[in-house]
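Take a look at the structure below.
Note that the structure is predicted; figures quoted are calculated from it, not measured. In what follows, every heavy atom counts, from backbone to side chain, and hydrogens, waters and symmetry copies are set aside. Throughout, a chain's letter reflects where its sequence line sits, starting with A, and its residues are numbered from 1.
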Number of protein chains: 2
Amino acid sequence: MKKIEQCDNVVIHEEIVKKVEEQMKDEEELLSLADLYKVFADSSRIKILWALSVSELCVCDLAVVVKMTQSAVSHQLRVLKQAKLVKSRRDGKVVYYSLDDDHVHQIIALGLEHVLEK
Amino acid sequence: MKKIEQCDNVVIHEEIVKKVEEQMKDEEELLSLADLYKVFADSSRIKILWALSVSELCVCDLAVVVKMTQSAVSHQLRVLKQAKLVKSRRDGKVVYYSLDDDHVHQIIALGLEHVLEK
DNA sequence: TGAACATATGAACAACTATTCATATGTTTA
DNA sequence: TAAACATATGAATAGTTGTTCATATGTTCA
């Protein structure tokens, strides 16, 4: 009747585990953080965001710049808008998109720093 | 013989498109940026990174803290290591993981800022 | 040397997601 | 009002990825 428990059930360094558990963030908070990064985790969307960080653009021009179909761009803009990373304004037939927030640019810049360094 | 070209082929604002195209980053660079964010785009990995930002941990303790199986943690650590976000050192049977870089903490902090604000 | 243990890994499966294609919506203008 | 055009969207498909299960690797210690 010995404890044959595997690693999964046994803590090796009790003190440290306790300390880390205390400082652990809420499940929910880390989940929405992951969701935020999911949006950045696609090169099409990154291209779109980068382009928009240069200038406001309409969907049509955006499609040209990032070399995607209008439909694909539109689908992705929807995702970006839901994540509150871009906003849009309509002027007649044309809809213009731009970054919603300065964080977007910061996040991209910080990421590039890491990428270029490694 | 009119130009019936669709949006996909026609540029609406020539000046702006030219300007944005000039400032567009390399395909490759934006691709590795997206790849970097892919690593952050999963709540299991975010949990692991957050835990490691508190303290160096062995795989076993990490599994306890983030409530995952040892195998799942190990698979994810592999991903994190390949992305150079964590490093490891071995001490006997036990392998300790820690953040490889201060960028990791910065990126998480910046993301949280955005998440909490919106 | 062999048993016990911490970690790593390959294969398989399930879940998710980006694009395409077809078409709908909404706006302008002839 | 009808045609032309910019954008949006639903369904289907193909590709990607995280977890599990089983097992392998590497280390210590009796």
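Here the shortest heavy-atom pairing between A:L57 and A:A51 reads CD1-CB, 4.1 Å. The minimum heavy-atom distance linking B:V95 with B:S88 is given by the pair CG1-CB, 3.8 Å.
No hydrogens or angles were tested; on distance alone, nothing pairs the side chain of A:Q76 with the base of C:dA18 as donor and acceptor under 3.5 Å. Remark: the B:Q70 side chain and the C:dA8 base include a donor-acceptor N/O pair separated by less than 3.5 Å.
Atom CD of A:Q82 is separated from atom C1' of D:dA8 by 13 Å (rounded to the nearest Å). Distance CG (A:D91) to P (D:dA6): 13 Å, rounded to an integer number of Å. Separating the CG atom of B:L31 from the P atom of D:dT16 is a distance of 12 Å, rounded to the nearest angstrom. For the pair B:L77 CG and C:dT7 C1', the computed distance is 10 Å after rounding to whole Å. Between the NZ atom of A:K67 and the P atom of C:dT19 there is a distance of 15 Å, given to the nearest Å. Atom CZ of A:R90 and atom P of C:dT28 are 8 Å apart (whole Å). One can place NZ of B:K93 at 12 Å from P of D:dT27, the figure rounded to the nearest angstrom. Atom CG of B:L80 and atom P of D:dT17 are 14 Å apart (whole Å).
A single hydrophobic cluster is not seen to contain both A:L80 and B:L31; linkage of ILVMFWY side chains at heavy-atom distances under 4.5 Å, directly or through other members, places them apart.
The residue B:Y97 sits close only to the backbone: its heavy atoms come under 4.0 Å of sugar-phosphate atoms, none of a base.
Look at B:H75 and the base of C:dT9; the rings stack, centres closer than 5.5 Å and planes less than 30° apart.
Contact between the side-chain N/O atoms of B:R78 and the OP1/OP2 oxygens of C:dA8 is not found at any separation under 4.0 Å. Put simply, A:S71 has no side-chain N or O that comes within less than 4.0 Å of OP1 or OP2 on C:dT20.
Between A:R45 and the choices A:L85, A:L77, A:V79, A:V73, the side-chain contact (heavy atoms from CB on, under 4.5 Å) rule is met once, by A:V79.
Near DNA chain C, defined here as any heavy-atom distance below 4.0 Å, the residues from residues 35-51 of chain A are A:K38, A:D42, A:S44, A:R45, listed numerically.
Position along DNA chain C of the nearest nucleotide to A:V79 versus B:S88 favours B:S88 as the more 5'-ward residue.
A side-chain donor-acceptor contact under 3.5 Å links B:D42 to the backbone of B:S44.
Ring pair A:Y96/B:H13 is tilted by interplanar angle, where 30° to 60° counts as tilted. Classification of the B:H103-A:H114 ring pair by plane angle, with boundaries at 30° and 60°, yields perpendicular.
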